[in-house]
Amino acid sequence: MSSLLSELNERQREAASHTEGPLLILAGAGSGKTRVLTYRMAYLIGEKDVAPWNILAITFTNKAAGEMRSRVDRLIGPAASGIWVSTFHAMCVRILRRTIDRLGFDRSFAIYDTDDQRTLMRSIIKTMNIDSKMFKERSVLAEISSAKNQMIGVKEYEREASDYREEVISRLYKQYQMQLEANNALDFDDLLLMTIRLFNTCPDVLEEYQQRFRYIMVDEYQDTNRVQFELVRALAGKKGNLCVVGDDDQSIYKFRGADIRNILSFEESFPGAKVVKLEQNYRSTSAILDAANAVIRNNSGRKDKTLWTDNGEGEPIQLHQYEDGNEEAVSVVSDIRQRVAEGASYDQFAILYRTNAQSRLFEEQLVRRGIPYKLVGGVNFYARREVKDVLAYLKTIESGRDEIALRRIINVPRRGIGDTTINRIAEYARDHSIGMFEAMERISDIKTISRGKANVDSFVLMIQKLRDQAATMTLLELYDTVLEATGYRDTFDDMDDTEAEERLDNLSELRSKLADYIIECEEEEKVPSLPDFLQDVALVTDLDLLEEEADYVVLMTLHGAKGLEFEQVYMTGMEDGIFPGFMSITSGDEEELEEERRLCYVGITRAKRRLTLTCARRRMLRGETRAFRISRFVGEIPLSLLEDRGALRYEKRQHESNSYDPGDITIRQRVSIDGKPVHLQPLNKPKQFSVPAGTKPAYNIGDRVKHRKFGEGTVTEMVKGGRDYEVTVDFDTVGVKKMFAAFAKLEPI
DNA sequence: TTTTCAAACCTTTTT
DNA sequence: GGTTTGAAAA
């Protein structure tokens, strides 16, 4: 037995040393899956004499890729640099940049991010004269993306379209793809699809990669979608040396097309697959783990497994209910302060929440208390307006082929080039099938433009001058020149101070990223080039920017926390309607609720030592204050695991209806988080908020009602449960739904 | 063409 | 509640 693998436990060793044929590693949270993967790579290279470049490791985020990269480097040394460690998207970009010309695309294609997609779709909807009220670009794009994730192309979608909406979307889909191609651009989904298409149309290319990647490993396999599955299957080929690692209980990206069946039926897709379960958790205390197990147990259709640990029991899980979201934020932050005063460091703490919108209150308190924090998520750095603007300038200087980029900055700052002028240029460009910038260079030929001509001329001259300068300048000089010469920098002068400061910060951040890129090039002895820098910037996300060493509290969504761990975790907003969210409750779709429960499981298992659950009695949501009850997920945690600090008493309440019982737990008396008792309003008499819970609705069984989203329907059942009425409605269009009167806001017709 | 103001919409989660 | 979008006015 090699000494290398002796550092693993028995199961881990079994997984790391099984190298030939398909292998499914079911790795529970904190069971050391990255460790197994890295050791497996080391084993392949060290013991099986596999060349590093024959190994491919795929992850979902750049962060995970970076983490794996550094761990492999540490374990194996310089030889590891030959291993491809990459995200799905980055891998596809790498392949496509090399060979997409075989499909008739230019190898310098642009990658459109969500923002670019929306801009493009909006203009398509407009030019095709389609009702933008009925067809919102967001939902159209969502529909197209989900079609792409199921590998339904334009033609097939067209054929399958069965109603008016689908028929219109099929036309939009078609036009969208045409425009992308005209702009030499791919969206995120296309990156994967094009790679498959490349493999299908050019078997020699596929074979080349199959030869190269003799051993493939995929992390977070439970989050793969259909396209990714096909991609992996194609690459694995007949040899099938495919090792996937995942945890069906941590599948939380269904909305993005992740198909949990990929992992559940791995053994059918890859006959003869070996399955190894990793159930020993090295991360958390047993109290935390027991809570996680108790919650996830309520899901059906799981792969059977139970996490265990020989870590001690640890502290019980804390549960605190507050009057409102603000008090919740104040208390969580003051709790952190107190613990830091007692010797903890800021980086031990993470504040997690369901939606990004919840971050604001915590931020306010952290700023007020002068606590260093890092907000992860929200608006992606590369999606910020000023960053995109400057990148758009650089793109226009670089090629001018990217119409979205050109349109973005043509009138920023104001140059007197309005919509009318821009559209006429675009029209001319289309008629003569030339690029938009080219059309602008020929402005004198465009008869329909008179007034804007001089303005366009000076814009063209400015860009051309910058192009000339670009040839002789370093990239950083060019960057600075662009800010000044375009007048973009001056636009910050008449902004208010805090906003201008933030934006300028972002721009200097972008500048330093450019500097990083140049240094990187020097290390690899490449020549830094603008197109090279611009090309893959769309793939970088905020999550990748978490620095390891810095000492700050981390704020992020539960989704963002996957794959990370923290000493002390606050799961906030643990309320029915927030988490699990509205949508998953009212839809009546058990699947959706299970997805939320998996998210809860992910959240709980992030904590190593201490877990605090917080919730509020009422909370401001979309501008109105509403009453909330403790999350049903909290009710699924055994009381024995929750802290009972004398002053806190919980009580299991009897209830009639078992379909919904968030009233399961009632807190009789409450203390604030620092232990001081707080005056409490009498129980069972909630204040009347804007939506009074428990008042009888203004309709009865048999009445016709209207729902904001589901349309009209007939009330078939009304049951009084807890403090609210559970109403069953048979909707004309979407069928029977169960919902709570206070949430559903049904209106009698 | 640009500015201003009211209205709509939003809140799931992201590569 | 905050942000974005549309129409009307300047």
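In the text below, chain A, chain B and the rest are named by the order of the sequence lines, each starting its count at 1.
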Donor-acceptor list for residues 418-425 of chain A side chains, cut-off 3.5 Å, not counting sequence neighbours:
| residue | atom | partner | partner atom | Å |
| --- | --- | --- | --- | --- |
| A/Asn423 | ND2 | A/Asp419 | O | 3.3 |
| A/Arg424 | NH1 | A/Thr448 | O | 3.1 |

Partners passing side chain to side chain contact (heavy atoms under 4.5 Å, CB included) against A/Thr127 (at least two apart in sequence or in another chain) | none
Among B/dT12, B/dT15, B/dT14, the one nearest any side-chain atom of A/Thr557 is B/dT14
Per-nucleotide protein contact string for nucleotides 5-10 of chain C (B base, S sugar-phosphate only, - none; heavy atom under 4.0 Å) | S-----
Can you run through DNA chain B from 5' to 3' and write each base as (, ), [, ], | or . depending on how it pairs? Watson-Crick or G-U wobble, both distances under 3.5 Å.
-> |||||||||......
Under 5.5 Å and under 30°: A/Phe255 stacked on B/dT12 = no
Measure from CG on A/Leu621 to P on B/dT12 and round the result to the nearest Å.
-> 10 Å
Candidates A/Phe229, A/Phe188, A/Phe60 - the one meeting ring pair (Phe, Tyr, Trp, His ring centres under 6.0 Å) with A/Phe88 | A/Phe60
What is the distance from NZ of A/Lys254 to P of B/dT15, rounded to the nearest Å?
-> 20 Å
Counterpart residues, side chain to side chain donor-acceptor pair (under 3.5 Å), relative to A/Asn184 (two or more places apart) | none
When we call it a touch if two heavy atoms are under 4.0 Å apart, what does A/Asp189 touch: a base, just sugar-phosphate, or nothing?
-> nothing
Please give, in whole Å, the distance from B/dC10 P to A/Phe582 CZ?
-> 14 Å
Quick one: side chain to side chain contact (heavy atoms under 4.5 Å, CB included) partners of A/Asp115, sequence neighbours excluded?
-> A/Asp113, A/Lys388, A/Arg408
